[in-house]
Amino acid sequence: MGVVARRRAADVASKILMGIATAVGVFFLLWIIWTTLRFGISGMHWDLFTKDTPPPGTDEFGLRNAFVGSLILLAVSLSIGVPIGLMAGTWLAEYGFRGRTANAVRFINDIMLSAPSIEIGLFAYAIMVGPMGHFSAAAGGVALAILMIPIIVRTTDEMLGLIGSDMREAAIALGAPVWVVVTKVTWKAARAGILTGILIALARVTGETAPLLFTALNDQFFSTGLLRPIANIPVVIYQFALSPYANWQQMAWAAAFITVLFVLVLSLVARSVLGKVQVPK
Amino acid sequence: MNGPEAVLRVSAGPVPEKPKAVRRSSPSRLSADFLFHKAAVFAAFLAAATLFATVIAITYDSWPSIQTFGVWGFLKSSEWNPVTQTFGAFPFIVGTLISSAIAMSLGVPVSFGIAVFITEIAPAWIKKPVAGAIELLAAIPSIVYGLWGLLVFAPVFAEIEPWITRNLGAIPGIGPLFHGPPMGIGMLTAGIILAIMVLPYISSIMRDVFLVVPSSLRESAYALGSTTWEVAWHIVLPYTRSAVIGAIFLGLGRALGETMAVTFVIGNSNVLSSSLLMPGATIPSVLANEFTEATTMLYRSSLIYLGLILIAVTLTVQSFAVLLIRRLGRSQGASA
């Protein structure tokens, strides 16, 4: 085989292999989504939303306490994570700029961005569950907030960085103090991007299970108290999937289906919001 | 605002607004500015300090176990026995490394293939949906990977395992790695699912940095008669080498710390096995599995000690990843 033929053959072979690699990735995505859809829909039951998790051995359905618990956990984590993430990102973009300190914070934030969530769970356990002496929804919310913050910090920093300096200068020239410039001009100009970051952060923590095993744990009953363990969808999926009861496994699939649906919708909304971001030049 | 009301509103003329008082000289302006600045500084400090606080808190909680078993003793001991209160990390460290090694050896080539396919080969109309689909893999929660892995993938994989044993098991040297009962769960299953999970992380960074390669370089190579593969392998890859290694490290960090998916499919055996088809355990999986059952202080502290080892490893891996990925951006400067 001549050199040209050999190079051409290598090229064709590599293109086929690359195509197969991509097909493998897409195949697994479709497979996972398809099974979640199939088992999830067949596990759908009206009682899931109106009744609490049944005791083992019965053939009842119910996830109300877990849905409410998950919503509470997400609300707690948003109310902690958004202000801190937003302000930290604002500091980086509006005060820290490209300075040494700001870059150090960005570096640490990038590491936190992909820190294993189980370690964050251990941290929340150490600072909250240990001292308080029991598992609690508040500790779960804090763990999820810590997972959210790096995402919000990074997108806020990047999105504010896209705003041209002329807008800031114009506002300052009109006599606006810095905090007004930031809140009324730059935040406003970058709001679509910042919102995207918050949505992505929310999507990321929605299915997080590992940190909740060390913090919020689970509760068979309905509760809304922040200072006691709380039922939540991810831990229910974990416990029910490994149980021998058919109805519990079905409920695990139904819960997984709703979680995936929620996360995918959030991701798609985030992407469409980001698509509308206009970069002011 | 397009109905008749809008017309009415417009015809009524602009509502004269009371001009807002401009508090130019009031002291509150200064203090609001001051407070806003300090709040931002505090938030940034909190965000950064969490990393150090995490390491300190985990070290503090694992102190009883560190004192009892020492560092080297804990690392090399294979005994994990809650009854006798003796704990050693060796099987879990090895399990974590093996499952991640499987994930990397399968995931890196596939990720590279996906990134090259999207940036160099795919026609424009297919690029966006394919890239979006691969990114959606990252959006699926790990608990769902676990559920799917245990209840759907493992039974299918159990059918394939006898074939693996027949073919790969016959290879001298590595053959014994592929002997064992076809259970569907075990170290190899965990590695395969981890490989799927790291695909979106590695391939999306590779894709992003491949796009940074100046088109003049690409076009020059094509003008000299290079094939697509030669451009990808000899031009694009060397140009982005550091960031590609960074992307691999980032994926490795994810694989090392992944908890739920692994816990579901690895089989959770605290005894090290010579076969990849046998159950095993990783540091995160044993943490997720045994933490709530850990009744004594030393047991719980030893589990957290495992977490300390894991965080030391992942932080190192991720620091390298971030530095390597950033290096490309810096060398590119403004043109990136």
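Computed over heavy atoms, backbone and side chain alike; hydrogens, waters and symmetry mates excluded. First the proteins, then the strands, lettered A, B, ... as listed; each starts at 1.
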Heavy-atom closest pair, residues A:Leu29 and B:Ala133 = CD2-O, 3.4 Å
Can we say B:Glu135 and A:Arg271 salt-bridge, meaning some charged N sits less than 4.0 Å from an Asp/Glu carboxylate O?
-> yes
Pairwise distance CD1(A:Ile20) to CZ(B:Phe117) - rounded to 0.5 angstrom | 11.0 Å
Start with the C-alpha gap between A:Met112 and B:Gln318, add the side-chain angles, then the distance that decides, and say whether side chain to side chain contact (heavy atoms under 4.5 Å, CB included) holds.
-> CA-CA 9 Å; A:Met112 285 299 283; B:Gln318 264 139 13; over 6 Å; no
Okay, A:Val26 and chain B: the region with an atom under 4.5 Å from a heavy atom over there is both
Whatever's closer than 4.5 Å to a heavy atom in chain A on B:Thr259 counts as side chain
Proximal component of A:Phe39, with respect to chain B [non-hydrogen, under 4.5 Å] | side chain
What heavy-atom pair brings A:Tyr238 and B:Ala288 nearest, and what distance separates the two atoms?
-> OH-O, 3.8 Å
Toward chain A, the part of B:Phe45 with a non-hydrogen atom under 4.5 Å = neither
Between B:Phe42 and chain A, which part of the residue has a heavy atom less than 4.5 Å away: side chain, backbone, both or neither?
-> neither
Heavy-atom proximity to chain A below 4.5 Å, by part of B:Tyr60 | neither
Considering only heavy atoms, which portion of B:Leu136 lies under 4.5 Å from any heavy atom of chain A: side chain, backbone, both, or neither?
-> both
B:Leu46 portion near chain A, given a 4.5 angstrom heavy-atom threshold = side chain
Which bit of B:Leu151 is near chain A, if near means a heavy-atom gap under 4.5 Å: side chain, backbone, both or neither?
-> side chain
Name the region of B:Val231, side chain, backbone, both or neither, that has any atom closer than 4.5 Å to a heavy atom of chain A.
-> neither
Under 4.5 Å heavy-atom distance to chain B, tell me which part of A:Leu217 shows up: side chain, backbone, both or neither.
-> side chain
Give, as side chain, backbone, both or neither, the part of A:Ile146 having an atom under 4.5 angstrom from any heavy atom of chain B.
-> side chain
Atom group of A:Thr35 that falls short of 4.5 Å from chain B, counting heavy atoms | side chain
The interface call for B:Leu51 against chain A, heavy-atom contacts under 4.5 Å, is both
Most contact-rich option vs chain B, by heavy-atom pairs under 4.5 angstrom, among A:Val153, A:Val178, A:Val105, is A:Val178
Correct closest heavy-atom pair for B:Ser319 and A:Ile111 would be OG-CD1, 3.5 Å
Considering only heavy atoms, which portion of A:Leu266 lies under 4.5 Å from any heavy atom of chain B: side chain, backbone, both, or neither?
-> neither
The interface call for A:Val182 against chain B, heavy-atom contacts under 4.5 Å, is side chain
Pair A:Ile32-B:Val144, side chain to side chain contact (heavy atoms under 4.5 Å, CB included): steps then yes or no = CA-CA 8 Å; A:Ile32 293 167; B:Val144 176; 4.2 Å; yes
Which bit of B:Thr292 comes within less than 4.5 Å of chain A, counting heavy atoms only: side chain, backbone, both or neither?
-> side chain
Check the pair B:Val152 / A:Trp31 against side chain to side chain contact (heavy atoms under 4.5 Å, CB included), numbers first and verdict last.
-> CA-CA 9 Å; B:Val152 178; A:Trp31 191 4; 3.6 Å; yes
Aromatic ring pairing B:Phe36/A:Tyr95, orientation class (parallel under 30°, perpendicular over 60°, tilted between) | tilted
A:Glu94 portion near chain B, given a 4.5 angstrom heavy-atom threshold = neither
If we only count heavy atoms from C-beta on, is the A:Trp179 to B:Leu35 side-chain gap below 4.5 Å?
-> no
Do other residues, nucleotides or ligands put more than 12 heavy atoms under 6.0 Å from the OH atom of B:Tyr222?
-> yes
The reported gap from CH2 in A:Trp253 to CG in B:Leu147 (rounded to nearest 0.5 angstrom) is 4.0 Å
Which bit of B:Leu287 comes within less than 4.5 Å of chain A, counting heavy atoms only: side chain, backbone, both or neither?
-> both
Hey, which residues of residues 301-312 of chain B are touching chain A, say heavy atoms under 4.5 Å apart?
-> B:Ile304, B:Gly307, B:Leu310, B:Ile311
Could you tell me which portion of A:Leu92 (side chain, backbone, both or neither) has an atom closer than 4.5 angstrom to a non-hydrogen atom of chain B?
-> neither
Can you tell me how far the CD1 atom of A:Ile127 sits from the OG1 atom of B:Thr50, to the nearest 0.5 Å?
-> 8.5 Å
Checking A:Thr183 against chain B: side chain, backbone, both or neither under 4.5 Å from a heavy atom?
-> side chain
Is it the side chain or the backbone of B:Ala53 that comes within 4.5 Å of chain A heavy atoms, both, or neither?
-> both
Under 4.5 Å to a heavy atom of chain A? For B:Thr54 that would be both
The interface call for A:Ala210 against chain B, heavy-atom contacts under 4.5 Å, is both
Chain A contact via B:Ser203 - side chain, backbone, both or neither, heavy atoms under 4.5 Å = neither
Which residue out of A:Arg8, A:Arg204, A:Lys15, A:Glu119 racks up the most heavy-atom pairs below 4.5 Å with chain B?
-> A:Glu119
May I have the step-by-step check of side chain to side chain contact (heavy atoms under 4.5 Å, CB included) for B:Phe291 and A:Leu213, ending in yes or no?
-> CA-CA 8 Å; B:Phe291 197 78; A:Leu213 288 175; over 6 Å; no
